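One structure below.
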Amino acid sequence: MATETIGWWGVPLGILAGTLRGSAPFLFVSLGECLTEKSGKINLGLEGSLLLGAMSAYAVSYLTGSPWVGVLVAGLAGMVLGIIHGWLCQQPRVSDFALGIAMFIFGGGLAFFLGKPFIKPVAPQLPAISLAEWSSIPAVQSAFKISPLFIIGIAIAPLMQWFFKSTRWGLYVRAVGDSPDAARAMGISIFKVRMFCIVAGSFLAGIGGSYLSLYYPGSWTERISSGQGLMAIALVIFARWNPIQCLYASLLFGGAQAIGPALQAVGFDAYYYLFNASPYILTLVVMIITCSPKRTLSGLPGAIGRSD
């Protein structure tokens, strides 16, 4: 690996590279879940949207030769699951949690079934932008390569923040998420607002899946997500339902994911599995800290967990 040529300096460089490359799926899924939960619903099925998006993007990129068409189809595949979830979760006596688990299993199973023929073929990948033209060191040049899709994700975070705070539709979403009864009294269609948020959130999760299969790691396998869609839900709680903080938290989770490979690249193999488990340990720590009964979660939409 390139980090071997610069010794132990390769560790922080490898973590930086992993942060820039590995944060995008967390970012897209967490922004999608943030939008969904702002409307008062929880979508535990975004892991299924992530997997179906990854498979769809890779298959379409291979069949058409265009990775960007694959990205678009990945988003549309996520939207299909979002439409199903958005309709079912708003039916009487339907549990968000049970439905989310069912959609996770359904989306993942569908991706694995349809993706069998595309495990071995090599699909065209998304381009990379180099931010290290100033350096002649290959390891540095490799570390500072990012995907345009990651830049799009970074741009979506402040746009979503602006949407919530400064637009009428953003006010509708917050009203539905905080007080469905008050929103209903204002004449707002709770069904339509939540359907929009769930479908748009699933679209973003599908885009996050396309990043996995078409850029980093850049292949389609059944274990490609490693639970990133589920971890992103804890990330949203950690970020206090704030899109900008979702961006920061995604970078943190992406960096944690890169610790194990960065240490292994310089020959440090001790506690290999422990370091590779860093994102999962971080998820548990976040859940333990945020689930304290003595603390109030700031930013928590009031309708979360309610059936309306």
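A quick note: this is a predicted structure, and the numbers were derived from the prediction, not measured.
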Which atom names give the shortest non-hydrogen contact between [X] and [Y], and what distance separates them?
X      : Y      : result
Val193 : Trp169 : CG2-CZ3, 4.2 Å
His85  : Asn43  : CE1-OD1, 3.3 Å
Arg174 : Phe164 : NE-O, 2.7 Å

* Indicate if Leu63 and Met55 have the same hydrophobic cluster label, given that clusters are the connected sets of ILVMFWY residues with side-chain heavy-atom separations under 4.5 angstrom. =>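 Linked, Leu63 and Met55 end up in one cluster.
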* Among pairs that include at least one residue of residues 142-167, which meet salt bridge (charged side-chain N to carboxylate O under 4.0 Å, His left out), considering only residues two or more places apart or in two chains? ->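 Listed by first then second residue: nothing to list.
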* Asked: Relative to each other, are the rings of Tyr215 and Tyr211 parallel, tilted or perpendicular (30° and 60° limits)?
  ->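 Correct class here is tilted.
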* Asked: For the residue pair Phe238 and Phe253, does the interplanar ring angle fall in the parallel (under 30°), tilted (30 to 60°) or perpendicular (over 60°) class?
  ->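 Tilted.
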* Asked: Is Tyr248 atom OH crowded by more than 12 heavy atoms from other residues, nucleotides or ligands, each under 6.0 Å away?
  ->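 No.
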* Asked: Taking everything shown except Phe106 itself, do over 12 heavy atoms lie less than 6.0 Å from its CZ?
  ->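 Not more than 12 within 6.0 Å, no.
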* **Test item: Tyr58 side-chain N/O and Ala123 main-chain N/O as donor-acceptor pair under 3.5 Å** =>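 The answer is yes, because a donor-acceptor pair under 3.5 Å joins these two groups.
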* Could you tell me whether a side-chain N or O of Ser225 sits under 3.5 Å from a main-chain N or O of Gln228, the two making a donor and an acceptor? =>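 No.
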* **Residue pairs passing the side-chain hydrogen bond (donor to acceptor under 3.5 Å, both in side chains) test where at least one lies in residues 99-117, sequence neighbours excluded** =>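 Applying side-chain hydrogen bond (donor to acceptor under 3.5 Å, both in side chains) to every pair that reaches into residues 99-117, excluding sequence neighbours, yields Lys116-Glu222.
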